[in-house]
Amino acid sequence: MIEQQIKTAIRDIPDFPKPGIIFKDITPILKDPQLCINIVDAFVEKLKDIRIDAIAGIESRGFLFGLTLATKLGVPFVPVRKAGKLPFTIKQKAYKLEYGTATIELHTDAFEPGQHILIHDDLLATGGTALAASELIQEMGGIVAGFSFVVGLGFLNGKERIAPVCDRVVVLAEY
């Protein structure tokens, strides 16, 4: 049911950000408060048997449901930011994209070593950013509790790429 609600709300934008890409725009979901509640409730249900001490949301759309989910679960929210966005002492991780490189950062006091961290983002494509976030969390002593995504593009095999880190991968709507 939640998968169909999400797919009905998502808007396809052809040739964005470059020709040949069909962008899955989640912003129409944000206009529907009940759907947003349903999404968070679906995550809570699917994650109920996983120990989660904090949720790491990947900039920027991972913040949208990540913070709400963390609040609902009563755990801290940890922002995983692009380089240069965090004001305190940070740890960085550079990683490759299909069209270049990127760097993500976490505050060094974002969580305690040994805590179980759920990595959340809006969309799972190739898994590169989620994998980089998992490596950064592990380098800082965290344990990856799982991954959660509103949408997954199964044909890009991101789930297979991140599964060796942790096979608890929740995707609410798969394409």
Side-chain angles (χ1 to χ4, degrees), residues 2 5-6 9-10 24-95 102-125 127-152 158-159 162-163 165-173:
I2 191 66
Q5 291 174 341
I6 291 168
I10 286 179
K24 298 294 185 191
D25 181 12
I26 69 160
T27 59
I29 291 172
L30 306 177
K31 297 187 323 185
D32 185 340
Q34 187 58 55
L35 179 53
C36 291
I37 290 168
N38 294 350
I39 287 170
V40 172
D41 288 347
F43 278 129
V44 168
E45 177 61 26
K46 291 180 181 292
L47 297 166
K48 69 182 176 190
D49 297 325
I50 299 173
R51 175 181 168 187
I52 299 170
D53 298 317
I55 294 178
I58 298 174
E59 185 172 345
S60 64
R61 291 184 306 264
F63 296 176
L64 298 172
F65 291 102
L67 176 59
T68 305
L69 179 57
T71 302
K72 181 95 175 195
L73 293 176
V75 299
F77 178 77
V78 176
V80 178
R81 301 289 317 259
K82 296 174 184 169
K85 302 287 185 177
L86 291 173
F88 188 64
T89 308
I90 53 99
K91 181 143 176 76
Q92 294 184 322
K93 183 71 176 178
Y95 63 102
T103 302
I104 54 172
E105 300 176 339
L106 276 170
H107 278 146
T108 54
D109 66 350
F111 56 86
E112 296 296 321
Q115 285 191 307
H116 292 74
I117 313 298
L118 177 77
I119 298 170
H120 176 79
D121 206 353
D122 69 319
L123 185 130
L124 174 61
T129 306
L131 187 60
S134 73
E135 291 169 356
L136 182 57
I137 287 165
Q138 290 173 323
E139 288 171 12
M140 294 174 62
I143 298 164
V144 176
F147 298 90
S148 62
F149 305 92
V150 177
V151 175
K159 199 180 281 190
I162 62 175
V165 174
C166 182
D167 63 359
R168 291 180 297 270
V169 181
V170 173
V171 177
L172 297 183

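Throughout, residue positions are numbered sequentially from 1 according to the sequence presented.
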Using the side chain to side chain contact (heavy atoms under 4.5 Å, CB included) rule, take L123 and V150 through it: C-alpha gap first, then chi angles, then the decisive distance, then the call. CA-CA 6 Å; L123 185 130; V150 177; over 6 Å; no
Side chains of [X] and [Y] in contact at under 4.5 Å (non-hydrogen atoms):
| X | Y | answer |
| --- | --- | --- |
| T103 | Q92 | yes |
| L47 | V170 | yes |
| I10 | I29 | yes |
| D53 | I143 | no |
| I26 | L64 | yes |

Closest heavy-atom pair and its distance - [X], [Y]:
| X | Y | value |
| --- | --- | --- |
| A133 | V80 | CB-CG1, 4.5 Å |
| I6 | A173 | CG2-CB, 3.7 Å |
| A54 | V78 | CB-CG2, 4.1 Å |
| I104 | A132 | CD1-C, 3.7 Å |
| A70 | P76 | CB-O, 3.9 Å |
| P28 | A9 | CB-O, 3.1 Å |

Listed by chain and number, what are the side-chain contact (heavy atoms from CB on, under 4.5 Å) partners of [X], not counting sequence neighbours?
| X | value |
| --- | --- |
| A163 | none |
| S134 | I119, L131, V144, F147, V165 |
| S60 | none |

Can you list every salt bridge (Lys or Arg N to Asp or Glu O under 4.0 Å) pair that touches [range], not counting sequence neighbours?
| range | value |
| --- | --- |
| residues 24-35 | R11-D25, D12-K24 |
| residues 129-143 | K91-E139, K93-E135, K93-E139 |
| residues 63-79 | D41-K72 |

Between [atom1] of [X] and [atom2] of [Y], what distance do you get to the nearest 0.5 Å?
| X | Y | atom1 | atom2 | value |
| --- | --- | --- | --- | --- |
| I90 | M140 | CD1 | CE | 9.5 Å |
| F149 | I58 | CZ | CD1 | 6.5 Å |
| I117 | I137 | CD1 | CD1 | 6.0 Å |

State which residue, out of I39, L172, N38, fulfils the side chain to side chain contact (heavy atoms under 4.5 Å, CB included) condition with Q5.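 Only match with Q5 under side chain to side chain contact (heavy atoms under 4.5 Å, CB included): N38.
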Per the side chain to side chain contact (heavy atoms under 4.5 Å, CB included) rule, which among V169, L118, V171 passes with S148?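 Passing option: L118.
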Under the salt bridge (charged side-chain N to carboxylate O under 4.0 Å, His left out) test, residues paired with K159 that sit two or more places apart: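 With sequence neighbours excluded, K159 shows a salt bridge (charged side-chain N to carboxylate O under 4.0 Å, His left out) to E174, given in chain and number order.
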Listed partners of R168 passing salt bridge (charged side-chain N to carboxylate O under 4.0 Å, His left out), at least two apart: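 Partners of R168 under the salt bridge (charged side-chain N to carboxylate O under 4.0 Å, His left out) test: none.
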Is a side-chain N or O of E59 found less than 3.5 angstrom from the main chain of K82, in a donor-acceptor match?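 It does hold such a pair.
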With sequence neighbours excluded, residues passing side-chain hydrogen bond (donor to acceptor under 3.5 Å, both in side chains) with Q115: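 In terms of side-chain hydrogen bond (donor to acceptor under 3.5 Å, both in side chains), with neighbours along the sequence ignored, Q115 is linked to no residue.
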Holding to side-chain hydrogen bond (donor to acceptor under 3.5 Å, both in side chains), I want the full list of residues that pass it with D122, two or more places apart in sequence or in another chain.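 Per chain and number, D122 pairs via side-chain hydrogen bond (donor to acceptor under 3.5 Å, both in side chains) with R61.
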Can you list, pair by pair, the side-chain donor-acceptor contacts under 3.5 Å of residues 107-114, counting residues two or more places apart and other chains?
from	atom 1	to	atom 2	distance (Å)
H107	NE2	F88	N	3.2
T108	OG1	T89	O	3.4

May I have all residue pairs that pass ring-ring contact (aromatic ring centres under 6.0 Å, His included) and include part of residues 38-63, sequence neighbours excluded?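 Passing the test, one end in residues 38-63: F43-H120, F63-F77.
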